[in-house]
Amino acid sequence: MVPPIKIGTLSSMNRIRLMAACSACIVVALTGGAASAQEHSHGLPGAPSPFGTWGFDLTGRDTTVKPGDDFNEYANGTYLRTTEIPADKARFGPFDVLYENAQAQLKAIIEASAANPANANAQKVGALYASFMDEARVNQLAATPLAADLAAVKAVTDHAGMARLMGQSHEGFGASLFGLDVFEDLQKPDMNSAYLGQGGLGLPDRDYYLKPDFAAQREAYLAYLTRTLTAIGWTDPAKSAADILAFETKVAEKHWTTVERRQIDKLYNPAKAADLPTLAPGVDWAAFLSGAKVTDVETLVLMENTAIPGIAQVFADTPIETLKAWQAFNVVDQASPYLSQAFVDSRFEFRGKTLRGQPENRPRWNRGVALVDGQLGEVLAQEYVRLHFPASSKAQMEALVGNIRDAMTERLKHVDWMSEPTREQALYKMSKFGVKIGYPDKWRSYDGLELKPDDLYGNVERSAAFEWDYKRGKIGKPVDPLEWGMTPQTVNAYYNPPRNEIVFPAAILQAPFFDPNADPAVNYGGIGAVIGHEITHGFDDQGRKSDGDGVLRDWWTPEDAARFEERAKVLGAIYDKLEPIPGVHVNGELTMGENIADLGGLLLALDAYHKSLNGQPAPVIDGLTGDQRVFLGWAQVWREKSREAALKEQLTTDPHSPGPVRAATSPRNIDAWYAAFGVSPDQKEYIAPDARARIW
């Protein structure tokens with residue numbers, strides 16, 4: 001299944017990101033927050049809401065601000081002014097609070113497994129966590145665990161050997177200019193295919209190499225490269241570091257932009273493996289595929305297909321000594337979280353402080369839990385679900401999803417820009433939507449994965465090899481319809497086009513998203529809009545390219561597509577004007593799909609809430625109408641703060657707009673918001689009716 005980005009995975013830096021175009025999430029990644037396990041547990045019947053008496057934090061509002069001047073400030077201003085981002089976080093908001101809550105719950109599960117290893121899986125959990133938490137041993141070993149991997153790098157004598165090493169990096173520490181992964185085939189969604197895409201950069205995105213705005217980050221990266229190579233005794237570390245930066249800059253020049261990589265149809269380019277030497281000369285592809293243990297794969301899907309030949313040429317033109325220094329650096333960089341404190345601190349200084357503005361590293365237990373969760377997620381999930389996900393929540397969610405689905409079906413029947421041939425296909429797609437709530441019906445096996453309590457470095461490498469073996473074993477095999485792309489303890493949700501399904505893990509089904517004891521209007525504004533967001537992804541600027549059976553094809557008429565794109569441009573222009581950091585704007589094109597999904601999700605939430613009233617007037621609570629409470633529930637979900645460096649990274653690389661932007665901007669395009677709060681033309685966020693984006 002097309003995998004969402006996961007917290008704490010070894011491969012997150014080098015692997016390709018088809019998810020950005022194919023598996024659309026409500027958020028991409030989390031950094032964590034600070035809350036105890038008791039503060040935000042799943043609501044149980046009769047329990048008080050953790051957000052006020054009816055699910056919304058009235059004390060967090062700033063009623064001195066008019067909703068039409070700054071809706072985020074009106075809904076969340078007092079909370080945002082009085083809340084500090086914890087020192088070990090780059091951002092802080094409801095997603096992070098729930099993530100941290102889940103971390104505390106997982107810690108208890110891990111410690112219980114370690115204390116009473118009743119079965120092989122519990123033994124694995126205990127061994128992996130123990131190996132990470134044995135800080136004294138890790139510090140004593142210092143750089144020793146690196147020896148074999150660095151020796152393998154030093155032993156390379158030519159480009160063919162380096163190509164083989166790049167392939168081998170898929171099952172351990174190391175770098176590759178080309179990422180391999182396994183997903184549903186977009187033309188045959190019931191089968192898995194191997195995908196090959198661009199990689200090789202140590203900075204977050206090509207813009208960090210090419211734009212003057214990121215000169216300070218490049219300077220800090222050069223210092224980190226030098227520091228890392230010095231720590232392992234590499235010859236002439238300063239020169240090697242400069243060579244690496246120059247090499248990666250040339251690679252970055254060939255990379256597709258983040259906007260280009262959103263186009264799901266452009267990422268599907270099947271090619272015979274035997275044709276790679278002709279399509280992208282400069283790389284010994286046989287050695288690369290042999291290193292990755294996929295020599296029996298006849299066809300690969302090339303993703304950034306026009307970038308791959310250029311990257312291959314850069315590889316061929318680069319001296320082998322530079323490539324060896326680059327590979328050695330990447331081994332150390334990726335392994336540093338599992339090495340002694342000096343390596344941990346050096347990496348965090350750059351990747352945490354410089355790139356994300358995070359003052360302090362996370363406590364060791366947090367990092368240990370994230371490691372176990374990343375490698376043994378479905379082992380932890382079984383106990384997590386038993387302890388923390390009541391059956392009543394699943395039943396209520398099923399009803400909510402049903403209401404939101406009905407609302408989308410009605411909108412598809414009447415949306416004015418859609419012709420009857422397209423409408424027929426849209427309704428078919430809607431009828432085929434799959435829904436998964438809470439947890440999978442089948443758990444993954446970890447048989448064969450060897451984990452030792454005294455071998456952290458080896459454990460992480462064996463876990464990576466086990467994961468790659470699991471993935472490559474699926475190539476050319478039927479898709480398992482029961483497989484999930486997220487664990488139940490993940491605070492997120494996603495839509496997967498090849499499966500035409502929406503998935504809601506248990507951990508997101510908590511306040512402020514969902515509280516069984518909250519006012520229904522708040523739940524509709526929270527989880528209802530999230531459900532609507534994921535459903536709308538099936539019909540956004542990328543979802544429209546896959547049909548009801550998950551097959552990649554444009555099933556819209558050209559006239560309908562033109563009308564849709566005209567309306568989408570209106571929305572994009574609204575976001576383009578927003579400037580969360582002085583001089584740094586939201587990229588309306590990069591964030592288009594998520595912005596469309598936010599707008600659609602909130603509209604569907606309103607529709608479903610109105611329908612749930614069964615013709616009765618909505619109650620007024622604390623002077624707030626039902627519609628007002630839906631919009632406030634939406635804004636509460638996005639009441640987050642980010643450090644400037646993290647926000648700048650998000651604006652550059654992330655297809656999601658920042659939380660404050662999401663809280664305030666979708667409502668500005670909904671007529672009901674103006675009516676609910678009496679927003680008038682003299683107020684700052686007012687958009688004239690004929691200038692509002694009207695897509696759904």
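This is a predicted model, so every value here is computed, not measured.
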Nearest-0.5 Å distance, [atom1] of residue [X] to [atom2] of residue [Y]:
{"X": "Q628", "Y": "T625", "atom1": "CD", "atom2": "OG1", "answer": "3.5 Å"}
{"X": "L58", "Y": "W54", "atom1": "CG", "atom2": "CH2", "answer": "5.0 Å"}
{"X": "Q105", "Y": "H388", "atom1": "CD", "atom2": "NE2", "answer": "4.0 Å"}
{"X": "R694", "Y": "L603", "atom1": "CZ", "atom2": "CG", "answer": "9.5 Å"}

Open item on the list: So that I know where these two stand, are W556 and F539 an aromatic pair - ring centroids less than 6.0 Å apart?
Closed with: no
TODO: May I ask you to check whether W417 and W696 place their ring centres under 6.0 Å from each other?
DONE: yes
- [ ] Please say whether the positively charged group of K394, taken as NZ for Lys or CZ for Arg, lies over the ring of F504, i.e. under 6.0 angstrom from the six-membered ring centre and within 45 degrees of the axis.
- [x] no
- [ ] Validate the cation-pi geometry between R692 and Y686: distance from NZ or CZ to the six-membered ring centre under 6.0 Å, angle to the ring axis within 45°.
- [x] yes
Open item on the list: Can a side-chain donor-acceptor contact be found between H533 and E594 if the only test is distance below 3.5 angstrom?
Closed with: yes
- [ ] Tell me yes or no: between the side chains of Q542 and H537, is some donor less than 3.5 Å from an acceptor?
- [x] no
In plain terms, say whether [X] and [Y] are close enough for a salt bridge, that is, a side-chain N and a carboxylate O under 4.0 Å apart.
{"X": "R91", "Y": "D96", "result": "yes"}
{"X": "R567", "Y": "D416", "result": "yes"}
{"X": "K684", "Y": "D69", "result": "no"}

Task: Test log, rule ring-ring contact (aromatic ring centres under 6.0 Å, His included), inputs F71 and F677 - done: CA-CA 10 Å; F71 187 59; F677 292 99; 5.2 Å; yes
Task: D682 CG: over 12 foreign heavy atoms closer than 6.0 Å - done: yes
Open item on the list: Between V503 and V435, is there a side-chain heavy-atom distance shorter than 4.5 Å?
Closed with: no
- [ ] Examine distances only and state if a side-chain atom of T83 and a backbone atom of Y79 form a donor-acceptor pair shorter than 3.5 Å.
- [x] yes
Open item on the list: Using modelled atom types and a 3.5 Å cut-off, is there a donor and acceptor pairing between side-chain atoms of K641 and backbone atoms of E84?
Closed with: no
Task: Worked verdict on Y524 versus F631 for ring-ring contact (aromatic ring centres under 6.0 Å, His included) - done: CA-CA 9 Å; Y524 275 102; F631 286 113; over 10 Å; no
Task: Matching residue for E483 among K436, K442, R499 - test: salt bridge (charged side-chain N to carboxylate O under 4.0 Å, His left out) - done: R499
Task: Closest non-hydrogen atom pair between W484 and G438, with its separation - done: CH2-C, 3.6 Å
